[in-house]
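Let me begin by presenting the structure, written as structure tokens, before commenting on it.
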Amino acid sequence: MKEKDNFEMVINLRKVIMGKRTNRARRALRIIRETVARHFGAEKVILDPVLASIIARNKEKVDSRVRVVVTKVGEKTFLVKYAVKEK
């Protein structure tokens with residue numbers, strides 16, 4: 001399979017609601033990092049500050065799914081950005 005430089009994916013965050021309410025935003029960011037690392041074989045995953053602020057705007061109420069764009073920056077380094085729908 002040929003690698004793409006930009007790849008859009010939807011990450012399911014339903015598991016975030018398990019456990020304490022106060023840790024949901026931090027847990028969601030960790031799940032995003034782990035999912036990207038698993039799918040792309042990344043050693044380093046960089047999260048865009050805009051994505052982190054959107055997820056962490058309310059630490060107790062996190063969306064159940066998030067659409068992100070994954071961009072390859074280096075050899076095994078990937079940048080994760082929030083995907084904005086174009087109309």
Side-chain angles (χ1 to χ4, degrees):
M1 183 170 89
K2 184 179 176 187
E3 288 188 32
K4 294 183 178 181
D5 289 334
N6 290 335
F7 189 80
E8 187 170 325
M9 63 189 300
V10 177
I11 299 176
N12 190 1
L13 298 175
R14 291 290 304 263
K15 290 183 179 179
V16 170
I17 61 172
M18 306 297 260
K20 292 183 178 181
R21 280 192 303 180
T22 57
N23 295 336
R24 287 182 182 172
R26 196 172 354 157
R27 197 176 308 127
L29 294 174
R30 189 183 75 233
I31 287 175
I32 291 171
R33 272 199 179 98
E34 290 171 354
T35 304
V36 170
R38 183 175 68 240
H39 284 283
F40 294 99
E43 292 178 1
K44 185 174 182 181
V45 177
I46 303 168
L47 295 179
D48 188 32
V50 174
L51 173 66
S53 66
I54 288 173
I55 291 193
R57 71 180 147 205
N58 189 351
K59 65 181 182 177
E60 293 182 2
K61 296 180 182 177
V62 178
D63 294 335
S64 61
R65 284 177 286 153
V66 64
R67 183 180 299 270
V68 296
V69 175
V70 182
T71 307
K72 188 171 186 177
V73 177
E75 182 67 28
K76 289 199 172 197
T77 306
F78 290 86
L79 174 66
V80 182
K81 298 181 195 174
Y82 186 71
V84 180
K85 286 186 177 181
E86 295 180 15
K87 292 183 180 180

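Every heavy atom of this structure was used, including side-chain atoms; hydrogens, water molecules and symmetry mates were not. Here the structure is a predicted model, which means the values were calculated and not measured.
- A heavy-atom distance below 4.5 Å is found between the side chains of Thr35 and Met9.
- Other residues sharing the hydrophobic cluster of Leu79, ordered by chain and number and joined by side-chain separations under 4.5 Å: Ile46, Val73.
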For residues 18-25, which side-chain donor-acceptor pairs fall under 3.5 Å, sequence neighbours excluded?
residue	atom	partner	partner atom	Å
Asn23	OD1	Arg26	NH2	3.2
Arg24	NH1	Glu60	O	2.9

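- For Arg65 (side chain) and Asn12 (main-chain N/O), no donor-acceptor pair under 3.5 Å exists by modelled atom type.
- Cluster partners of Val69 are absent, since no Ile, Leu, Val, Met, Phe, Trp or Tyr has side-chain heavy atoms less than 4.5 Å from it.
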Note to self: Run the side chain to side chain contact (heavy atoms under 4.5 Å, CB included) test on Glu43 and Phe78 for me, step by step, so that the C-alpha distance in whole Å, both residues' side-chain angles and the decisive distance to 0.1 Å come before the verdict.
What the structure shows: CA-CA 9 Å; Glu43 292 178 1; Phe78 290 86; over 6 Å; no
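- Linking Ile, Leu, Val, Met, Phe, Trp and Tyr residues whenever their side-chain heavy atoms come within less than 4.5 Å places Val50 and Val68 in a single cluster.
- Residue pairs meeting the salt bridge (charged side-chain N to carboxylate O under 4.0 Å, His left out) criterion with at least one member in residues 29-40, sequence neighbours excluded, are Arg30-Glu34.
- Applying the salt bridge (charged side-chain N to carboxylate O under 4.0 Å, His left out) test to pairs two or more places apart or on separate chains, none has a residue in residues 44-58.
- The salt bridge (charged side-chain N to carboxylate O under 4.0 Å, His left out) contacts involving residues 6-16 comprise Glu8-Arg67, where partners must be two or more places apart or lie in separate chains.
- Here the closest heavy-atom approach between residue Val62 and residue Asn58 is recorded as CG2-O, 4.3 Å.
- Each of Val10 and Ile54 belongs to its own hydrophobic cluster when Ile, Leu, Val, Met, Phe, Trp and Tyr are linked at side-chain heavy-atom distances under 4.5 angstrom.
- Counting only heavy atoms from C-beta outward, the side chains of Val80 and Ile32 approach each other to under 4.5 Å.
- A search for side-chain hydrogen bond (donor to acceptor under 3.5 Å, both in side chains) contacts involving Thr71 returns Asn6, not counting sequence neighbours.
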